2 protein chains.
Amino acid sequence: MTNSEIGANGQTLSGDIIPLRPSSAAQKICPHNSTVSCASCRLNELCLPIALNKSEIHQLDAIVERNRPYKKGEHLYRQSDEFKAVYAVRSGSFKSYFLSNNGQGRVTGFFLPGEIIGMDGIASHRYANSTAALEHSSVCEIPFTQLERLSHELPNLQHHFFAIMGNEIAKDQQIHTLLSSYTAEERTASFLLGLSSRYTRVSLSPTRFLLPMTRGDIGEYLGLTVETVSRILTALQRKGLVSVSNREIELLDIESLRGIISTS
Amino acid sequence: MTNSEIGANGQTLSGDIIPLRPSSAAQKICPHNSTVSCASCRLNELCLPIALNKSEIHQLDAIVERNRPYKKGEHLYRQSDEFKAVYAVRSGSFKSYFLSNNGQGRVTGFFLPGEIIGMDGIASHRYANSTAALEHSSVCEIPFTQLERLSHELPNLQHHFFAIMGNEIAKDQQIHTLLSSYTAEERTASFLLGLSSRYTRVSLSPTRFLLPMTRGDIGEYLGLTVETVSRILTALQRKGLVSVSNREIELLDIESLRGIISTS
DNA sequence: ATTGAAGCTTAATCTATATCAACTATTCAC
DNA sequence: GTGAATAGTTGATATAGATTAAGCTTCAAT
């Protein structure tokens, strides 16, 4: 199993990012313009509108709230807040994390443009995680009650939202396998390849990107310490598979990275 | 976080088990009778019919297929088979596992009566795992296309199925946290408490039950080796927290088991 | 009832990764 | 722009759990 094809199935709603070239050193996700409509949104092909016709998109558009942008570190919601909406990332990125009794947190997910946040709250009516912006970011807020109502009216939307949730379930199970049997190097390679394909989805470079999260975040997500993540990245660089400079990363040899995983 | 309250939200369809006392040594899940209807099913209170009225239950009933029982080791489906249906466990138990390139498998989930199997296939139209019976078991098969169609007609059913999927997502994220930060003892304690509350859901004893899976299965699920699982169980027994004899297990001190987890 | 295979346990040893520690580089707030 | 805080790196050491190995137990098939 590789993470590299996770998320092939549609995932979001109403995005707005610049599908730019791997220009200078790395990419930049830009305008947090909140005046777009789903119909005109650059992300609509990989998002909830995917299977909808013009009139349906218009109906969806009507329930979407385009909030002000979030600053780095700002929270979308906190663990055990009442569940009211799911969010589609329009620009920037977010992390979800779970705080345990003793106060230490573990990152449970990262979210890039075109991905849906908050589905863990659907069953219990409370969010199971906190979610915070990793950089200046914007989202579309989709009140869940209204999404349910509209899904009832639009079978395409219902179908697609079932698919989004199913995709999340399949992805979480892949992570289960990753955490229960991969070495630190395999986890890291899989993580980088996963990011690569997620950036590809939104028309960004598959080989050059900025990591929006800290090494500590990556470690918490992968079940490793910061030190191990740092060492593995250094080692991968030494082997010529990647080139790392702070948050900038370039994947130099994707095939070999895949090779690391497929031996496990 | 503890696993002990995972699965509070409804999960299944059309069950048939004996809600028996912790009689002799352990419980026994019994008849694989396939003539029940959802309306008369003992599990209907924690299953898809939960929020449906009589007529709605009847409609649901009409799309459910009650297959012949599965023998131990028999497969419900195999990894990458075409996705056609989800399954509700009526009696017995199942495990899902993912086979990686090199042929070694990892268990991704266990399923007890009243739980839904196969949602990982919804997005990609292929099952991501194989699923096999751990003992003589029976299921209700729910063809997904028909479930979708009916969900469209019955808002209650749509709502409830969203909840079931949301619950699965929340549960998978808890396992993510467990695997990325718990010790072997914490994982094992959490696993036992999780089983306990799942047995409670179906009116079986919370403190005495039979493990339907091998130590090896538990290890694959928790990211540990058989040897470690065995050692931890022995250690918990020595501390007086559990009593283990082969597949029979008794939780002697649930509070202390919880204590093991809540320090993490 | 007998036997072989599968499941389980226990012990000794090894190793991947955590932990501890010290240092450097970046970022952010003033 | 400066200093404090945060993030990242590298090295030395410790350790939880893997691996290896061997024997024991249970179960299912004949």
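Throughout, protein chains are lettered first and strands after them, A, B, ... in sequence-line order, and every chain is numbered starting at 1. Treat the numbers as computed from the prediction; the structure is a model and nothing was measured.
B/Glu115 has a carboxylate O that lies under 4.0 Å from a charged side-chain N of B/Arg198, or vice versa, which qualifies the two as a salt bridge. A salt bridge links B/Lys239 to B/Glu185: at least one charged side-chain nitrogen sits closer than 4.0 Å to a carboxylate oxygen.
The side chain to side chain contact (heavy atoms under 4.5 Å, CB included) test with A/Val107 is passed by exactly one of A/Asn129, A/Asp217, A/Ile218: A/Asp217.
Side chain of B/Thr214, nearest nucleotide from C/dT9, C/dT17, C/dC8: C/dC8. With distances taken from any side-chain atom of B/Ser230 to the nucleotides C/dT9, D/dG17, D/dT9, the minimum falls on C/dT9.
Heavy atoms of A/Gly223 sit under 4.0 angstrom from primed sugar atoms or phosphate atoms, though from no base atom. Note on B/Gly73: nothing from the nucleic acid sits closer than 4.0 angstrom, heavy atoms only. Residue B/Leu224 is classed as a sugar-phosphate contact, given heavy-atom separations below 4.0 Å to backbone atoms only.
As a whole-Å value, the separation of A/Ile249 CD1 from D/dG8 C1' is 13 Å. Between B/Met213 atom CE and C/dC8 atom P there is a gap of 11 Å when expressed in whole angstrom units. Atom CG in B/Leu236 sits about 13 Å away from atom P in C/dT10, given to the nearest Å. When rounded to the nearest whole Å, the span between CZ of B/Arg215 and P of D/dT25 equals 15 Å. The CD1 atom of B/Ile218 sits 8 Å away from the P atom of C/dC8 (whole-angstrom rounding). Rounded to a whole Å, the CD atom of A/Glu220 is 15 Å from the C1' atom of D/dG8. In this structure, A/Leu134 atom CG and D/dT6 atom C1' are separated by 15 Å, rounded to whole Å. Nucleotide C/dA16 holds its P atom 14 Å from the CZ atom of A/Arg187, rounded to whole Å.
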**OP:** Assess whether side chain to side chain donor-acceptor pair (under 3.5 Å) is satisfied between A/Thr108 and A/Ser96, documenting all intermediate values.
**Re:** CA-CA 6 Å; A/Thr108 54; A/Ser96 288; 4.7 Å; no
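Taking 4.5 Å as the limit, every side-chain heavy atom of A/Ser100 sits out of range of all side-chain heavy atoms of A/Arg106. Residues B/Leu112 and B/Leu195 have side chains in contact (heavy-atom distance under 4.5 Å, counting atoms from C-beta outward).
Side-chain contact, A/Ser93 with A/Glu135: a donor N or O sits under 3.5 Å from an acceptor N or O.
Put simply, A/Arg247 has no side-chain N or O that comes within less than 4.0 Å of OP1 or OP2 on D/dA7. Distances shorter than 4.0 Å separate none of the side-chain N or O atoms of B/Lys72 from OP1 or OP2 on D/dC27.
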Hey, what are the protein-to-nucleotides 19-21 of chain D N/O distances that come in under 3.5 Å?
unit_1: D/dT19; atom_1: O4; unit_2: B/Arg231; atom_2: NH2; d: 3.0
unit_1: D/dT20; atom_1: O4; unit_2: B/Glu227; atom_2: OE2; d: 3.2

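Although no hydrogens or angles enter the test, the distance criterion places no donor-acceptor pair under 3.5 Å between the side chain of A/His176 and the main chain of B/Leu179. Not a single donor-acceptor pair under 3.5 Å links the side chain of A/Arg215 to the backbone N or O of A/Val226.
Comparing the local axis fitted to the first five base pairs of the helix from C/dA1-D/dT30 to C/dC30-D/dG1 with the one fitted to its last five gives a bend of 60°, rounded to 10°.
Geometrically, A/Arg68 engages A/Tyr70 in a cation-pi contact defined by less than 6.0 Å to the ring centre and at most 45° from the axis.
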